[in-house]
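Report on one structure; see the data block that follows.
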2 protein chains.
Amino acid sequence: MSPVQEEAATARAGHRQPTVVSWLRLARVYQKVQQRTQRHLRQFGLTTAQFDVLAQVGSAEGLSQQELARRLLVTKGNVCGLVDRMADAGLVVRRADPDDRRAHRLELTDQGRQLYAVAVPSQEALIAEIFGGLDRDEQRALQAMLRNVDHALDADA
Amino acid sequence: MSPVQEEAATARAGHRQPTVVSWLRLARVYQKVQQRTQRHLRQFGLTTAQFDVLAQVGSAEGLSQQELARRLLVTKGNVCGLVDRMADAGLVVRRADPDDRRAHRLELTDQGRQLYAVAVPSQEALIAEIFGGLDRDEQRALQAMLRNVDHALDADA
DNA sequence: TATTGTTATACTCTATAACTATA
DNA sequence: TATAGTTATAGAGTATAACAATA
């Protein structure tokens, strides 16, 4: 934010409930990181949603689409389309689950694993750069507050 | 998050850089609030993007589309389409800028102002509920940390 | 030349819901 | 009956870029 925008934001913030200000700032940060991430991941030919799939499947191979949907907070229908596109791109495969003939288990292809090995550290380095201005205690405090809000969202669902 | 999911998330988090954990938690909270907001705003016939336009124009009538694009972190092309839809819905109007014949100034219609008067407080109440678990000091700390990250994003743009 | 706004393209993601096949 | 996955629909949002009018 430019100094001018920063000042304007603060002025506007002055009239608002603290909770609303917290949310606006959080949303702003999210959107900016999202956009930066999007540009960053383009070098790997990935969208942010595809990166999330790659990261999840890569760190827990064999998970079901249902489980993936739960982790990504999207519907199973959306996951199906996402997996379709990534299978077309040769990054993931669906394997039949021997114990449940309805289910598929998701795995990365060799190509997917190679991309995982490069893209995930690269993306994490970007995040480290962006969030690196907060020291360890601040990270902990930030995470604790976000957990608090997360739980409030589950409580009065 | 269920206790099981919470535990799983914490276990996974243990292997990761603190910055990455912070980002994952932030993204998770954002997405959940976004989804909740989406459902909440449906009663007013608004998408979240349209609500953002309503809130911005309502609190700063006469702003240009360019300025609106800057505030919403989207392109002017996107704003054009958004404003189109909201003008079709009878919520905003484009007025010619007397000082700059290229520009438009955005205003709410009477109907838009009525909706603003109802939807904005309602949405703010929802946010207050979600973020209300944090006390005043925590809100301040959260906002300060988010500002820190926001500035980091501007620094190495 | 730079800026405001418009238009057009193409794609991804999303919500929603009906559908199948298994369990 | 419930669950895993698929498919279809419809829409919104986005990036990107070319374009017109005006500054």
Side-chain angles (χ1 to χ4, degrees), chain A residues 27 30-54 57 62-89 91-106, chain B residues 27 30-43 45-54 57 62-89 92-106:
Chain A
Y30 174 85
Q31 287 167 323
K32 282 190 177 186
V33 175
Q34 188 69 9
Q35 289 177 357
R36 178 74 66 85
T37 296
Q38 204 164 311
R39 288 202 304 276
H40 183 72
L41 293 176
R42 195 167 304 155
Q43 65 183 301
F44 303 116
L46 294 169
T47 65
T48 53
Q50 289 167 354
F51 174 85
D52 289 341
V53 171
L54 187 76
V57 177
L63 86 173
S64 69
Q65 293 188 185
Q66 197 81 300
E67 172 60 19
L68 181 57
R70 253 193 304 275
R71 293 193 188 184
L72 299 182
L73 300 176
V74 299
T75 67
K76 55 188 180 172
N78 297 140
V79 158
C80 195
L82 266 170
V83 170
D84 279 349
R85 282 188 286 274
M86 297 193 63
D88 286 347
L91 297 172
V92 307
V93 287
R94 294 173 165 106
R95 296 221 181 283
D97 184 331
D99 300 331
D100 184 342
R101 290 170 56 195
R102 293 171 305 179
H104 290 154
R105 295 189 161 278
L106 299 175
Chain B
Y30 174 85
Q31 287 166 326
K32 283 191 176 184
V33 175
Q34 189 67 9
Q35 289 177 357
R36 178 74 67 85
T37 296
Q38 202 164 312
R39 289 202 303 277
H40 182 72
L41 293 176
R42 196 168 304 155
Q43 65 184 298
L46 293 170
T47 64
T48 52
Q50 288 167 355
F51 174 84
D52 289 342
V53 171
L54 188 75
V57 177
L63 87 173
S64 69
Q65 293 188 187
Q66 196 82 300
E67 172 60 18
L68 181 57
R70 254 193 303 274
R71 293 193 189 185
L72 298 182
L73 300 174
V74 300
T75 65
K76 57 190 180 170
N78 297 140
V79 159
C80 195
L82 264 171
V83 170
D84 279 350
R85 284 188 286 272
M86 299 195 61
D88 287 346
V92 307
V93 288
R94 294 174 164 105
R95 295 221 181 285
D97 184 331
D99 300 331
D100 184 342
R101 289 170 57 194
R102 293 172 304 179
H104 289 154
R105 297 188 161 278
L106 300 175

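Protein chains get the first letters and strands the later ones, always in sequence-line order, with residue 1 at the start of each.
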Checklist line | Spacing of A:Arg71 atom CZ relative to D:dA4 atom C1', expressed in whole Å | finding: 17 Å
Checklist line | Any A:Arg94 side-chain N or O less than 4.0 Å from OP1/OP2 of D:dT6 | finding: yes
Next item on the list: May I have the distance from A:Gln38 (atom CD) to C:dC11 (atom P), rounded to whole angstrom?
Entry: 16 Å
Next item on the list: Identify, residue by residue, the members of residues 76-87 of chain A with a heavy atom below 4.0 Å from DNA chain D, and return them in order of residue number, or none.
Entry: A:Lys76, A:Gly77, A:Cys80
Notebook entry, point to check: Under the ring-ring contact (aromatic ring centres under 6.0 Å, His included) test, which residues partner B:Tyr30, sequence neighbours left out?
Noted result: A:Trp23, A:Tyr30
Check: Could you state the CZ-C1' distance from B:Arg95 to C:dT4, rounded to the nearest angstrom?
Finding: 19 Å
Margin query: Could you measure the distance from the CG atom of A:Leu41 to the CD atom of A:Gln34? Nearest 0.5 Å is fine.
Written below: 9.0 Å
Item checked: B:Gln35 vs C:dT14: side-chain N/O to OP1/OP2 distance below 4.0 Å -> no
Is there any protein nitrogen or oxygen under 3.5 Å from a nitrogen or oxygen in nucleotides 20-23 of chain C, and what are the pairs?
residue: C:dA23; atom: OP1; partner: A:Arg101; partner atom: N; Å: 3.0

Note to self: Between B:Gln50 (side chain only) and B:Thr47 (backbone N and O only), is there a donor and an acceptor less than 3.5 Å apart?
What the structure shows: yes
Notebook entry, point to check: So which heavy atom on A:Arg105 is nearest to which on A:Asp97, and how close?
Noted result: NE-OD2, 3.2 Å
Notebook entry, point to check: Within this structure, what is the CZ-to-C1' distance between B:Arg105 and C:dT4, rounded to whole angstrom?
Noted result: 12 Å
Checklist line | Residues in contact with DNA chain C, drawn from residues 41-54 of chain A - heavy-atom cutoff 4.0 Å | finding: A:Thr47, A:Ala49, A:Gln50
Check: Does some side-chain heavy atom of B:Arg36 sit less than 4.5 Å from a side-chain heavy atom of B:Lys32?
Finding: no
Check: Could you give the CD-to-C1' distance, from B:Gln66 to D:dA23, as a whole number of Å?
Finding: 13 Å
Checklist line | Reported NZ-to-CZ distance for the pair B:Lys76 and B:Arg70, which is rounded to 0.5 angstrom | finding: 11.0 Å
Quick one: side chains of residues 80-89 of chain B, donor-acceptor pairs under 3.5 Å with protein atoms, not counting sequence neighbours, listed by atom name and distance.
residue: B:Asp84; atom: OD1; partner: B:Arg94; partner atom: NH1; Å: 3.1
residue: B:Asp84; atom: OD1; partner: B:Arg94; partner atom: NH2; Å: 3.0

Margin query: Measure CD/A:Glu67 against P/D:dA4 and give the value in whole Å, please.
Written below: 10 Å
Notebook entry, point to check: For A:Gln34 and D:dT14, is the shortest distance between a side-chain N/O and OP1 or OP2 below 4.0 Å?
Noted result: no
Item checked: Rounded distance in Å - CZ (A:Arg36) to P (D:dA15) -> 14 Å
Checklist line | Closest non-hydrogen atom pair, A:Leu106 against A:Val57 | finding: O-CG1, 3.8 Å
Next item on the list: Indicate the atoms forming the closest heavy-atom contact of A:His40 with A:Gln43, along with that distance.
Entry: O-NE2, 2.9 Å
Margin query: Show the nearest heavy-atom pair for residues A:Leu54 and A:Leu46, with the distance to one decimal.
Written below: CD2-CD1, 4.0 Å
Next item on the list: Measure the spacing between OG1 of A:Thr75 and CD of A:Gln65 and express it to the nearest 0.5 Å.
Entry: 11.0 Å
Item checked: Spacing of A:Leu68 atom CG relative to C:dT14 atom P, expressed in whole Å -> 11 Å
Notebook entry, point to check: What residues, two or more places apart in sequence or in another chain, satisfy side-chain contact (heavy atoms from CB on, under 4.5 Å) together with B:Arg95?
Noted result: B:Val93, B:Glu107
Check: What's the closest nucleotide to the A:His104 side chain, out of D:dT6, D:dT3, C:dT6?
Finding: D:dT6
